[in-house]
Asks: 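I have a structure here, written as structure tokens, and I will follow up with some questions on it.
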Amino acid sequence: MPELPEVETTLRGIRPHLLKQGVQKVVIRRPTLRWPIPEELPGLMERAAVEEVSRRGKYLLLKFPLGHLMIHLGMSGSLSLVARDTVAGKHDHVDIVLGSGLILRYNDPRRFGCMLWVEGEPLAHPLLASLGPEPLGPLFDNEHLYQCSRRKSLPIKSFLMDSKVVVGVGNIYANEALFRSGIHPLRKANRISQQRYARLSDVVREVLAAAIAQGGTTLRDFVGGDGKPGYFKQELQVYGRGGQGCVDCEATLTEVRLGQRSTVYCPQCQH
DNA sequence: ACGAAGCCCTGCAAGC
DNA sequence: TGCTTGCAGGGCTTCG
């Protein structure tokens with residue numbers, strides 16, 4: 001389940017192998033992702049070189065002379081770099097064969113991801129145009145959260161996971177950040193003080209930065225690896241721990257469903 | 001305009 | 001053992 005740290009780790013892992021590399025061939029085995037992969041993709045990319053590799057939220061952007069390839073990993077997608085003769089597995093839907101002899105391979109069992117072509121300014125694309133600030137960028141702070149939340153009566157957890165508010169905070173990190181800032185996930189967004197938002201924005205940055213730092217430890221092995229660093233788990237304090245003891249006060253962690261998302265919190269520590 | 005629910009999809013685990 | 005059922009979840013889309 002790629003959250004922002006995993007996407008960032010993927011970006012850092014693939015970028016050095018893609019920059020200035022020519023695309024020899026694009027193989028689309030299964031075009032039916034969230035939206036169909038454009039049939040004209042091979043014609044647009046083949047014999048062209050990758051000029052830039054970047055990220056906006058959880059969307060990866062590969063710049064080519066004629067436009068950008070926009071990739072989202074959904075919740076089960078991954079990109080890996082494999083040697084040219086590597087046999088494709090069950091959910092290996094797309095191969096981008098590079099001049100270097102490596103293949104950038106897109107795998108996505110649940111096919112919630114997408115691979116689209118964008119002409120012109122990619123940030124103007126409908127999927128990107130109304131995204132909120134990057135959580136690790138300068139525009140994300142308590143002031144932003146506070147101002148955004150003034151007319152929002154939805155639960156803070158839903159608010160935090162809204163990509164128009166801030167990108168890249170998925171279910172796992174929303175649970176963790178709220179625990180670490182002592183905020184009850186069901187509290188209404190407009191019932192939280194600016195001081196508490198200050199703590200929350202700090203914690204969101206800390207948690208994501210720490211996860212990225214750990215994802216970085218697997219970068220060395222990205223080529224040929226499965227591209228799925230195992231940074232989470234050990235540091236998680238509430239996610240996946242419903243019914244177990246709070247790491248701070250030992251109270252039993254409560255698990256509820258919010259939206260259709262598993263939500264875990266400490267009834268003692270979070271208000 | 002806002003908020004909640006629905007939906008896409010497959011793999012895995014639990015229950016019968 | 002093999003079926004069915006439920007759950008996981010990002011985020012766009014639809015409904016109220």
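Note on naming: letters A, B, ... go to the chains in the order of the sequence lines (proteins, then strands), and numbering restarts at 1 for each one.
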Asks: Where the side chain of A/R34 is defined as all heavy atoms beyond and including C-beta, which of B/dG6, B/dC8, C/dA8 is the nearest nucleotide?
Replies: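 Minimum distance to the A/R34 side chain belongs to B/dC8.
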Asks: Of the nucleotides B/dG11, B/dT10, C/dG10, which has the atom closest to the A/K90 side chain?
Replies: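 Among B/dG11, B/dT10, C/dG10, the one nearest the side chain of A/K90 is B/dG11.
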Asks: Report the nucleotide, chosen from B/dA4, C/dA8, C/dG10, that has the shortest atom-to-atom distance to any side-chain atom of A/E255.
Replies: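 Of the candidates, C/dA8 comes closest.
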Asks: Would you check, one step at a time, whether the test side chain to side chain donor-acceptor pair (under 3.5 Å) holds for A/N171 with A/K157?
Replies: CA-CA 8 Å; A/N171 194 43; A/K157 178 160 176 273; 2.7 Å; yes
Asks: Can you tell me if A/H91 touches the phosphate of B/dT10, counting only side-chain N or O atoms and a distance under 4.0 Å to OP1 or OP2?
Replies: no
Asks: Taking any heavy-atom pair under 4.0 Å as a contact, classify A/Y59: base, sugar-phosphate, or nothing.
Replies: sugar-phosphate
Asks: Is a donor-acceptor contact shorter than 3.5 angstrom present between the side chain of A/R261 and the base of C/dG11?
Replies: yes
Asks: Can you see if the side chain of A/R30 gets near the phosphate of B/dC9 - specifically, an N or O under 4.0 Å from OP1 or OP2?
Replies: no
Asks: I want to verify a distance call: between B/dT10, B/dA4, C/dC12, whose nearest atom is closest to the A/L127 side chain?
Replies: C/dC12
Asks: Closest to the A/W35 side chain: C/dC12, C/dG10, B/dG3?
Replies: C/dC12
Asks: In terms of side-chain heavy atoms of A/K58, which of C/dC7, C/dG11, B/dT10 is nearest?
Replies: C/dG11
Asks: Categorize A/S153 for me: base, sugar-phosphate, or nothing, with a 4.0 angstrom heavy-atom threshold over every strand shown.
Replies: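 Sugar-phosphate only.
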